[in-house]
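Everything below concerns the one structure shown next.
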Number of protein chains: 2
Amino acid sequence: MTQNYNTEKRIIDAARAVFTTKGYNGATMQDIANEADVNKALLHYYFRSKEKLFNLIFDEAFSCILSNLTNLLEEELKFEKKLKRIIEAYIDTFVSYPYIPNFIIHELASNANQLDRKLKEYKISKYFFIRRFIKIRTEIDNEIVKNRIKDIEANDLIINIISLCAFPFLLRPIITFNDGMYNSTFKIQMEMRKESITDLIINGIRNKKHNSSLLRFFFI
Amino acid sequence: MTQNYNTEKRIIDAARAVFTTKGYNGATMQDIANEADVNKALLHYYFRSKEKLFNLIFDEAFSCILSNLTNLLEEELKFEKKLKRIIEAYIDTFVSYPYIPNFIIHELASNANQLDRKLKEYKISKYFFIRRFIKIRTEIDNEIVKNRIKDIEANDLIINIISLCAFPFLLRPIITFNDGMYNSTFKIQMEMRKESITDLIINGIRNKKHNSSLLRFFFI
DNA sequence: GTCTATAGCGGGATAGAC
DNA sequence: GTCTATCCCGCTATAGAC
C-alpha cells in the first residue's frame with residue numbers, strides 16, 4: 001500500500017516533468033517510465049492510457065492558474081493594492097511552477113479542444129471568465145471615470161498584466177541560455193519583477209493632475 | 001519546371017501551416033502531404049527528411065524576428081521615438097505572421113538544441129544578442145543618468161517590451177475562444193496596441209520631475 | 001517528377017507469469 | 001503490484017515502376 005502510493009506519486013511527478021517540457025506529442029510513455037524509474041506497463045496499470053495521464057497533469061496546471069486568481073478578484077481592496085496583489089500572485093505561481101505558462105499556452109494552441117474540454121468539465125460556460133472579470137473591469141472603469149487613470153480598455157490592462165508576469169517564463173530558455181544564469185538567479189530576477197511591473201503598470205496608467213489635460217491632448 | 005516550382009512551394013506553404021500549428025512532434029508528413037495535396041513520397045524527394053523540412057520553416061521564422069529588429073537597433077533616433085518604432089516593428093511582424101511567437105517559444109522550450117543549432121549555423125557566439133542590444137542598453141542607461149527616466153534595468157525594459165508585444169498572440173486561442181471575435185477584429189485590436197503599449201512603457205518609466213521636458217521629444 | 005508499395009522502427013497498449 | 005513479451009498501428013523513409 002505504501003509502495004503503491006510511492007509508485008503512483010513517482011509516476012505523476014515524472015509525467016509532470018516530461019509532459020511539461022516535451023509537450024503531449026513530444027513525450028513518450030517510455031520517457032516517463034525512465035524518469036520515474038518504473039516499468040512502462042505500470043503506467044498503464046495506474047493510469048490506463050497516455051491521454052488520461054496527460055489530462056491529470058494538464059488539469060492540475062490549469063486549475064492552479066484559475067484558483068489562484070479568482071479569489072483575489074473578489075477581495076475588497078483599493079485599486080492599486082489589488083493590482084499589486086494580482087501581480088504578486090501570478091509571479092508567485094510561476095516561480096513555483098515555472099513550466100505552467102509554456103505548457104498551458106502550447107497545449108491550448110495545439111489542441112483547441114483542451115480548452116473546450118476543461119470548460120465543459122468544470123460545467124462553466126464561455127462566459128465564465130467574463131463573469132470573473134466583471135468586478136475588476138468595473139473597478140477599472142470607475143477609476144477612469146474618476147479621472148484617476150487614463151482612458152484605457154480594461155481588457156487591455158488585464159492582458160498587459162498577464163503578459164508582463166507570464167512571458168519572461170517563456171523567454172527563460174533564451175534568457176538563461178549558456179549564460180551562467182542558474183535557477184536561483186532567475187528566481188531572484190522574477191521576484192524583483194513583482195515591484196517593477198506593479199510600478200510600470202500603475203505609473204503607466206495613472207493620470208497626473210497637473211498635466212492631465214496636456215496628456216489628453218497628446219494621447220486621446 | 002514550372003510544375004516543379006509550384007509543387008515545392010506548395011509543400012513549403014503546407015509545411016509552414018502544419019508545423020506552426022501542431023509543432024514538430026505533432027505534425028506528420030502525411031498531414032503536410034494532405035495540406036499540400038501531393039503525394040507523401042514527394043516530400044522526401046524535395047526535402048529529404050522531416051527534420052530538414054522543419055528546419056527550413058523554423059529558420060524562416062527565426063530569421064524573421066531577428067532581421068526585423070537588428071536594423072532598428074542601429075538607427076539614430078530619439079530614445080522615445082526608437083521605443084515606439086521597435087514596438088511597431090514587433091507588432092507588424094506578429095500581425096503578418098501570428099504563428100511565430102508560439103512556434104518559436106515552443107520549439108525552443110521543447111528542444112534546447114534548436115537554439116544551439118541556430119546560433120552555430122549563423123556562426124555567431126552566445127554574445128550575439130548581447131552585442132546587438134548594447135546600443136539600446138547604453139541609450140537606456142543614458143536616459144537614467146540624465147534622470148529623465150526611472151532607474152530600471154535595461155534588460156527588464158527590453159523583456160517588458162517583447163512581452164507586451166508578443167504575449168497577446170499567444171493568448172489568442174483564449175481571447176478569441178468562442179467569442180465571435182474573428183481575425184479582422186483581433187488584428188485591429190493588435191494595431192491599436194502599438195500606441196497603448198508605447199504609451200504604457202513611456203509613462204511607466206518616465207521620471208515625473210522631468211516629464212515636461214520629456215514631452216517635447218515625445219512624438220518628434 | 002510523380003506515384004505505389006513496402007521496409008523498418010518506435011510507440012501505446014495488453015496478456016499473462018510471478 | 002510488478003515484470004517480460006508481444007501485438008498492432010502509424011510513422012519516416014526508400015525502392016522501384018511509370
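Heavy-atom basis, side chains included; hydrogens, waters and symmetry copies ignored. As the structure is a computational prediction, the values presented were derived from the model and not from experiment.
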Point to revise | A/Glu76 and A/Lys82 ion-paired at < 4.0 Å | key: no

Review point. How many Å lie between CG on B/Asp31 and P on D/dC11, as a whole number?
Key: 7 Å

**Study point:** Below 4.0 Å: OP1/OP2 of D/dT2 and any side-chain N or O of A/Thr7
**Key:** yes

Check your understanding: Taking only N and O in the side chain of B/Tyr45, is any of them less than 4.0 Å away from OP1 or OP2 of D/dT14?
Key -> no

Identify the pairs formed between an N or O of the protein and an N or O of nucleotides 4-6 of chain D at a distance under 3.5 Å, and give each distance.
| unit_1 | atom_1 | unit_2 | atom_2 | d |
| --- | --- | --- | --- | --- |
| D/dT4 | OP2 | A/Asn39 | ND2 | 3.1 |

Review point. Roughly, in whole Å, what's the span from CZ in B/Arg48 to C1' in C/dG1?
Key: 16 Å

**Study point:** Interatomic distance, B/Phe47 CZ vs D/dT14 P [rounded to whole Å]
**Key:** 15 Å

Review point. Side chains of A/Asn55 and A/Glu51: donor-acceptor distance under 3.5 Å anywhere?
Key: no

Practice item. Could you tell me the separation between the CG atom of A/Leu53 and the P atom of C/dA13, rounded to a whole number of Å? Key: 10 Å

Exercise for review: For B/Leu43 and D/dC11, give me the distance from atom CG to atom C1', rounded to whole Å.
Suggested key: 13 Å

Check your understanding: Just by modelled atom types, is the B/Ile57 backbone N or O under 3.5 Å from a matching donor or acceptor in the B/Arg16 side chain?
Key -> no

Exercise for review: Tell me, please, which residues at least two apart from B/Lys52 pass side chain to side chain donor-acceptor pair (under 3.5 Å).
Suggested key: none

Check your understanding: Can you list every salt bridge (Lys or Arg N to Asp or Glu O under 4.0 Å) pair that touches residues 23-49 of chain B, not counting sequence neighbours?
Key -> B/Lys22-B/Asp31

**Study point:** Partner residues of A/Tyr45 under the side chain to side chain contact (heavy atoms under 4.5 Å, CB included) criterion, sequence neighbours left out
**Key:** A/Leu42

Exercise for review: Report yes if the side chains of B/Cys64 and B/Ile100 come closer than 4.5 Å at any heavy-atom pair, otherwise no.
Suggested key: yes

Practice item. With sequence neighbours excluded, give me every side-chain hydrogen bond (donor to acceptor under 3.5 Å, both in side chains) pair touching residues 95-107 of chain A. Key: A/His106-B/His106

Revision key, fill the gap. From the candidates C/dT2, D/dT2, C/dA13, the one with an atom nearest any side-chain atom of A/Met29 is C/dA13

Review point. Could you give the NZ-to-P distance, from B/Lys9 to C/dG1, as a whole number of Å?
Key: 17 Å

Check your understanding: Tell me: CG of A/Leu42 to P of C/dA17, nearest whole Å?
Key -> 18 Å

Practice item. Residues of residues 15-28 of chain A with any non-hydrogen atom less than 4.0 angstrom from an atom of DNA chain D: list those, numerically ordered, please. Key: none

Point to revise | Value in whole Å for how far the P atom of D/dC11 lies from CD1 of B/Ile32 | key: 12 Å

Exercise for review: Please state whether the phosphate of C/dA13, meaning OP1 or OP2, lies under 4.0 angstrom from any side-chain nitrogen or oxygen of A/His44.
Suggested key: yes

Practice item. Look at atom CD of B/Glu75 and say whether more than 12 heavy atoms of other residues, nucleotides or ligands are closer to it than 6.0 Å. Key: yes

